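My questions all concern the structure below.
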Amino acid sequence: METPLVRDTILQLVAQAVAQAQREGDLQLQTTPEIEVDRPAKGQHGDFATNLPLRLARATRLNPLKLADKLASYIPAHDAVAQVVVAPPGFINFYLREGWLQQQVEVVRQTPDSYGRVDAGHGRTVMVEFVSVNPTGPVHVGHTRGAVLGSTLANVLEAAGYVVTREYYVNDAGSQMENFYRSVFARYQQALGVAAELPANGYVGQYVAELAQEIVQAHGQTFLDMDEAAAIKQIGDLSREKMVGLIREDLSFIRVNFDNWFSERTLFQTGEYQQAIDRLRQQGYLSERENALWFNSTMLGDDKDNVVVRSTGEPTYFASDIAYHYNKFIKREFAQVIDIWGADHQGHVPRMKAAVAALGANPENLTILIAQMVTLKRGAEVVRASKRTGEFVTLRELAQEVGVDACRYFFLARSPDAQMEFDLELAKKESSENPAYYIQYAHARNAGILNLARNREIDWSRGDVSLLRDPNELNLIRTMLRLPELVAKMAQSLEPHHLPHYAMELATAFHWFYENCRVISANPEDGQMTLARLKLVESAQIVLRRSLELMGMGAPERM
RNA sequence: GCGCCUGUAGCUCAACGGAUAGAGUACUGGGCUUCGAACCCAGGGGUUGCAGGUUCGAGUCCUGCCAGGCGCACCA
């Protein structure tokens, strides 16, 4: 069940007024204008506003204020709307009716599990592919941002009526993996007293030695007694599985979970790699130069061509990425695909778009979100992160130090476009006073009231919501009503960073209400008010919980 | 050199081309004998990097500068 949006109702009223004005000859337009209805920044300007008269003033050569008056007079009456007011220089402001607002408390109460679900996606399939770290080491802080962003975006899209697949692309083929396997093998040999050196540019991180140690414990020196190539292959298989398992556990720890882990190697096993390449060749996008096979992405607007098969005959990473997107669009037929990449891959956007176009899919259905870099600091000192040298702070260390909820909130509240500095000392210090807890505290406080009411066996099901007339009560209801609109908006803009800011406002609205409106009163004269307010508290809890759920944060009953 | 992103309060960051640019944090002062003070109230704090332009209206769009980040491989 989806929550209807008041905003859409207002939009329709305006559209009706425009149509009526045209019929009456008060408005002559070549094209029907796109109507915008917004939430004004200031409460005094009403619940909704449209700037339509201002935007039509030029085309119609009419005074915007007079046009606003005219249009306002054609706006039909509606149950939800108390007042329509024209404001200079040409806004039309809408004020919601108190009785209608009160009634929304009942609406929320009746949809505890689905409030905030809207039908913007109409069941369209969308894949969100994110994190996709090479399984050559654990997930670190930089990847955590994309992980939190992707998981929240997926939640939002699901709430907005899309059929969402969360996918992790496991880069388990290619030369970096080979390098990793050899590194583990070298550590394995060393652990058994065999003099061995790490490959040049091998992985030197402590976790590689630990991995080798685990293999020694489970398998002893089995792999010393066989042909080296076979040993590396078998140790490689073990290491890869362990590493992917570790990545999965770490992500799960910060509540990032996937519907599917897609292996790059399967692209070669199923023949999809070959199909994708053949398809490009047939379309004339491939050419051979300098013993390598090139994708002529310049034909599609990229500023340079890219190698897909090296002169050694080995496919590049880009080649399997093409095959992977062939799988996403052509094989699995996702209507929309969202890739979340780090800023260091930003330069590859044009070629990926070009490749999708060359495969015969619409590149507009591929959205690549770029999450900017996270610079990690400890006080004034910058902590360099390098997987190769093994110096980095892992996701798990971070989440354990700062806390999962605070961590998610911290990453989530910032626009992906903005680089961030993550000061571990500051984060630890601030974690106790993190806004995340402000929101959770609102939920816990709320739960405290409901639990007390239940302990006292108060039955509030007959509460009369029309008693909720205090400005703090109405403000809380108004804030609650914004969640479904926000879900629709975020699904469209793909900007989930609005969610934490909204949740803060919702928590504030609740704390204000709590401060000013006693719910469970000892005074028998307040009996009816108590019942009405318990309904409000119940509905507020639903919206707080839904907001926290969407962000992947806990909604504690006590803390 | 070219491309993408960023520059807003002391700090960390919001703001779909709209109305007096907002939060958190820090600082100062105030508020618990009643549902949880991890809360609330009040206060100071800004030439939105700089300069032009577009328009009824620009932090937001365009142009040029300045500063920072990331790219520009037959690595991923």
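All heavy atoms count here, side chains included; hydrogens, waters and symmetry mates do not. Throughout, protein chains are lettered first and strands after them, A, B, ... in sequence-line order, and every chain is numbered starting at 1. All figures in this text were calculated on a predicted structure; none of them were measured in a lab.
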Checklist entry - By centroid distance (under 5.5 Å) and plane angle (under 30°), are A:Tyr438 and B:rA38 in a stacked arrangement? => result no

Item to check | Which nucleotide in B:rA19, B:rC35, B:rG18 has an atom nearest any side-chain atom of A:His45 | outcome: B:rA19

Checklist entry - Taking OP1 and OP2 of B:rG22, is either one under 4.0 Å from a side-chain nitrogen or oxygen of A:Lys42? => result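 For B:rG22, OP1 or OP2 has a side-chain N or O of A:Lys42 closer than 4.0 Å.
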
Nucleotide N/O of nucleotides 13-15 of chain B paired with protein N/O under 3.5 Å:
{"unit_1": "B:rC13", "atom_1": "O5'", "unit_2": "A:Arg414", "atom_2": "NE", "d": "3.4"}
{"unit_1": "B:rA14", "atom_1": "OP1", "unit_2": "A:Ser415", "atom_2": "N", "d": "2.5"}
{"unit_1": "B:rA15", "atom_1": "OP1", "unit_2": "A:His497", "atom_2": "NE2", "d": "2.8"}

Checklist entry - What orientation do A:Phe318 and A:Phe295 show, parallel under 30°, tilted 30 to 60°, or perpendicular over 60°? => result tilted

Next on the checklist: Can you tell me how the ring of A:Phe411 sits relative to the ring of A:Phe422, calling it parallel under 30°, perpendicular over 60° and tilted otherwise?
Outcome noted: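 Judged by the thresholds at 30° and 60°, the geometry between A:Phe411 and A:Phe422 is tilted.
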
Item to check | Partner set under side chain to side chain contact (heavy atoms under 4.5 Å, CB included) for A:Pro350, not counting sequence neighbours | outcome: A:Asp302

Item to check | Watson-Crick/G-U partner (both atom distances under 3.5 Å) of B:rG29 | outcome: B:rC41

Next on the checklist: Filter on salt bridge (charged side-chain N to carboxylate O under 4.0 Å, His left out), then keep only pairs touching residues 480-508 of chain A, sequence neighbours left out; what's left?
Outcome noted: A:Arg39-A:Glu485, A:Arg482-A:Glu505

Checklist entry - Given that both distances must come in under 3.5 Å, which nucleotide forms a Watson-Crick or G-U wobble pair with B:rC65? => result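 Per the H-bond distance test, B:rG49.
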
Checklist entry - Relative to the ring of A:Phe510, is the ring of A:Phe513 parallel (under 30°), tilted (30 to 60°) or perpendicular (over 60°)? => result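 The rings of A:Phe513 and A:Phe510 sit tilted, inter-plane angle from 30° to 60°.
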
Next on the checklist: The criterion is side chain to side chain contact (heavy atoms under 4.5 Å, CB included); which residues satisfy it with A:Glu557, sequence neighbours excluded?
Outcome noted: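 A:Glu557 satisfies side chain to side chain contact (heavy atoms under 4.5 Å, CB included) with A:His443, A:Ala447, A:Asn451, A:Gln541 only.
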
Checklist entry - Mind checking who B:rU12 pairs with, Watson-Crick or G-U wobble, both distances under 3.5 Å? => result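 Result: B:rA23.
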
Using a cut-off of under 3.5 Å, enumerate the N/O to N/O pairs linking the protein to nucleotides 31-34 of chain B.
{"unit_1": "B:rU34", "atom_1": "O2'", "unit_2": "A:Arg518", "atom_2": "NH2", "d": "3.1"}

Item to check | Shortest side-chain distance from A:Gln346, nucleotide among B:rC74, B:rU20, B:rC70 | outcome: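 Nearest listed nucleotide: B:rC70.
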
Next on the checklist: Looking at B:rA37, I'd like to know if its phosphate oxygens (OP1 or OP2) sit under 4.0 Å from a side-chain N or O belonging to A:Tyr514.
Outcome noted: yes

Checklist entry - Hey, does the side chain of A:Trp512 come within less than 4.0 Å of B:rC39's phosphate (OP1/OP2), counting only N and O? => result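 Result: no.
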
Protein-nucleotides 42-44 of chain B N/O pairs closer than 3.5 Å?
none

Next on the checklist: Please determine whether a side-chain nitrogen or oxygen atom of A:Tyr441 lies at a distance below 4.0 Å from atom OP1 or OP2 of B:rC40.
Outcome noted: no

Next on the checklist: Which nucleotide, if any, forms a Watson-Crick or G-U wobble pair with B:rG71, using both distances under 3.5 Å?
Outcome noted: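 When the pairing criteria are applied, B:rC2 turns out to be the nucleotide that pairs with B:rG71.
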
Checklist entry - Under 4.0 Å between a side-chain N or O of A:Arg55 and OP1 or OP2 of B:rG17? => result no

